[in-house]
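In what follows, residues are counted from 1 in the order of the sequence shown. Predicted model only: the values in this text are computed from it and were never measured.
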Amino acid sequence: MPRLFYLLLLLPCLALGQAPQAPIILSNKPTNTVFSLAAVDAKTGTRLPAQFKVHAYLAKKDYAGPATPVRDFEFIMTRADSLLVIASASGYDEGEFVMVAPCDTCATYGYSVPLDKTDTVFRQLTKGKAIQLDKVYFDQSSYRMRPESFEQLDKLVRTLQGDPALKIEIAGHTDNVGDRRLNQFLSENRAKVITNYLVTKGIKEERLRHAGYGDTRPAAPNDVEENKRRNRRVEFVVL
């Protein structure tokens, strides 16, 4: 899941990479503002090619487009607004930011979004530790795995390749909605599908174990939908 940041962009206007300066007052009336966005490496500050999606809550408008290392993504704001900004770049975790931009009289307004590099392997593994595979997806009430799951599973493959002594259990879990026997069957088969994927990538079967626990090991109470969603999960456990 992308990490969510709340940013308050207050007057005066900010130029990218510069210290705050006095606002540029063009008139006493609100005017259009060119809002520009760039993506940078969170550690080095290097500008990145990235894709942006922006939702302006008050204006009820959506914007989307690319930024390059030499050109910002720009769009026009006609009023102060709250923005949801989603930035994605190859090799980096997706960033999700909420920005409050109260500037009504600025000609330009810019911000550099910091992105963290995607970790290519799972780290800090200890015996008995369960790690949720939160980017592995299945069709509803099915053990048909969707293609967008492959990226995180390939990360698990690289983890196993890098530590030949590592053995894991793939565990499937459900909420308590529906027939318990069907939930048990579903959790087992989802775990088996993931295990089979790892085997096709060259991981030896003797290093893998799969199990389905149905609703017997909930991560949260099965009381509200958000908690039920948390219980519908797959994870791996270090053996």
Side-chain angles (χ1 to χ4, degrees), residues 1-5 50-53 55 62 64 84-97 115-125 129-161 166 168-203 205 207-238:
M1 299 292 289
R3 288 182 293 175
L4 182 62
F5 299 87
Q51 291 288 330
F52 283 97
K53 295 180 181 179
H55 176 70
D62 295 297
L84 172 64
V85 177
I86 300 175
S88 57
S90 178
Y92 288 79
D93 290 331
E94 186 176 81
E96 188 171 308
F97 306 81
L115 297 178
D116 293 310
K117 281 190 175 181
T118 301
D119 200 348
T120 58
V121 296
F122 291 97
R123 302 185 185 278
Q124 297 180 334
L125 302 180
K129 181 178 181 180
I131 297 178
Q132 185 173 343
L133 295 168
D134 58 349
K135 295 181 181 179
V136 173
Y137 307 101
F138 292 89
D139 290 345
Q140 185 174 2
S141 301
S142 167
Y143 52 89
R144 181 181 179 275
M145 187 166 61
R146 304 210 305 256
E148 53 264 41
S149 307
F150 299 160
E151 181 178 354
Q152 188 170 59
L153 289 183
D154 288 343
K155 179 178 178 179
L156 181 54
V157 170
R158 290 190 293 270
T159 303
L160 290 162
Q161 290 172 336
L166 183 63
I168 64 171
E169 176 186 87
I170 303 296
H173 304 270
T174 70
D175 59 24
N176 67 347
V177 177
D179 187 285
R180 172 164 282 187
R181 291 171 299 175
L182 292 178
N183 285 341
Q184 178 68 29
F185 177 81
L186 181 64
S187 65
E188 289 175 0
N189 279 279
R190 286 181 171 179
K192 185 176 181 180
V193 165
I194 293 173
T195 301
N196 289 342
Y197 180 87
L198 299 178
V199 171
T200 64
K201 293 295 183 175
I203 305 302
E205 289 188 58
R207 300 178 60 192
L208 306 172
R209 187 170 77 191
H210 66 273
Y213 295 99
D215 64 358
T216 63
R217 298 186 179 183
N222 281 293
D223 49 4
V224 296
E225 180 55 35
E226 176 61 23
N227 283 339
K228 292 177 181 179
R229 184 191 64 79
R230 291 175 58 193
N231 290 331
R232 299 189 295 266
R233 69 196 191 280
V234 288
E235 56 194 17
F236 73 91
V237 182
V238 178

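- The aromatic rings of H173 and Y213 sit parallel, their planes meeting at an angle under 30°, below the 60° perpendicular limit.
- Side chain of D139 to backbone of S142: no donor-acceptor contact under 3.5 angstrom is found.
- Taking CG from L153 and NZ from K135, the interatomic distance works out to 12.0 Å, rounded to the nearest 0.5 Å.
- Proximity of a side-chain donor or acceptor of Q184 to a complementary backbone N or O of G212 within less than 3.5 Å is detected.
- For E151, the salt bridge (charged side-chain N to carboxylate O under 4.0 Å, His left out) test picks out no residue, with sequence neighbours left out.
- In this structure, E205 places its CD atom where only 12 or fewer heavy-atom neighbours from other residues, nucleotides or ligands lie under 6.0 Å away.
- Minimum interatomic distance between D134 and Q152 (heavy atoms only, all atoms of both residues): OD1-NE2, 2.9 Å.
- Within 6.0 Å of OH on Y92 lie more than 12 heavy atoms contributed by other residues, nucleotides or ligands.
- Shortest non-hydrogen contact noted between E94 and S88 is OE2-CB, 4.2 Å.
- Side-chain contact between H210 and I194 is absent, with no heavy-atom pair separated by less than 4.5 Å.
- Between the side chain of N231 and the main chain of A219, a donor-acceptor pair closer than 3.5 Å is present.
- The closest donor-acceptor contact from the side chain of S149 to the backbone of Y137 lies under 3.5 Å.
- Considering only heavy atoms from C-beta on, I168 comes within 4.5 Å of L208 through its side chain.
- You'll find the side chain of E188 stays beyond 4.5 Å of the side chain of Y143, heavy atoms only.
- Across L133 and F236, no two heavy atoms sit closer than the pair CD2-CD2, 3.9 Å.
- Atom-to-atom distance recorded for R232:CZ and R190:CZ is 9.0 Å, nearest 0.5 angstrom.
- Residue I203 comes nearest to V157 through the heavy atom pair CD1-O, 4.1 Å, listed as atom of the first residue, atom of the second, then distance.
- Pairs passing the side-chain hydrogen bond (donor to acceptor under 3.5 Å, both in side chains) check and including a residue from residues 191-201, sequence neighbours excluded, read D154-Y197.
- The side chain to side chain contact (heavy atoms under 4.5 Å, CB included) search around V177 returns D175, K228, not counting sequence neighbours.
- The side-chain heavy atoms of D62 and K53, taken from C-beta on, include no pair separated by under 4.5 Å.
- Of the possible donor and acceptor atoms, none in the side chain of S187 sits under 3.5 Å from a partner among the backbone N and O of T174.
- Residues F138 and L186 are not in side-chain contact: their nearest non-hydrogen atoms beyond the backbone lie 4.5 Å or more apart.
- Salt-bridge annotation for K129 and E235: absent, with no side-chain N of the basic residue lying under 4.0 Å from a carboxylate O of the acidic one.
- Separating the CG atom in N222 from the CG atom in N227 is a distance of 7.5 Å, to the nearest 0.5 Å.
- Evaluation of the salt bridge (charged side-chain N to carboxylate O under 4.0 Å, His left out) rule for R180 yields D215 as partners, not counting sequence neighbours.
- Within 6.0 Å of atom CD in E225, more than 12 heavy atoms from other residues, nucleotides or ligands are found, so the atom counts as buried in its surroundings.
- The salt bridge (charged side-chain N to carboxylate O under 4.0 Å, His left out) check on R217 picks up nothing, with sequence neighbours excluded.
- In this structure, D223 has no salt bridge (charged side-chain N to carboxylate O under 4.0 Å, His left out) partners at least two apart in sequence or on a different chain.
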Q: In sequence, state the C-alpha distance, the side-chain angles, and the governing distance for I170 and L156, and then conclude on side chain to side chain contact (heavy atoms under 4.5 Å, CB included).
A: CA-CA 11 Å; I170 303 296; L156 181 54; 4.2 Å; yes
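- The 12-atom threshold is exceeded at CZ of R158, counting heavy atoms of other residues, nucleotides or ligands nearer than 6.0 Å.
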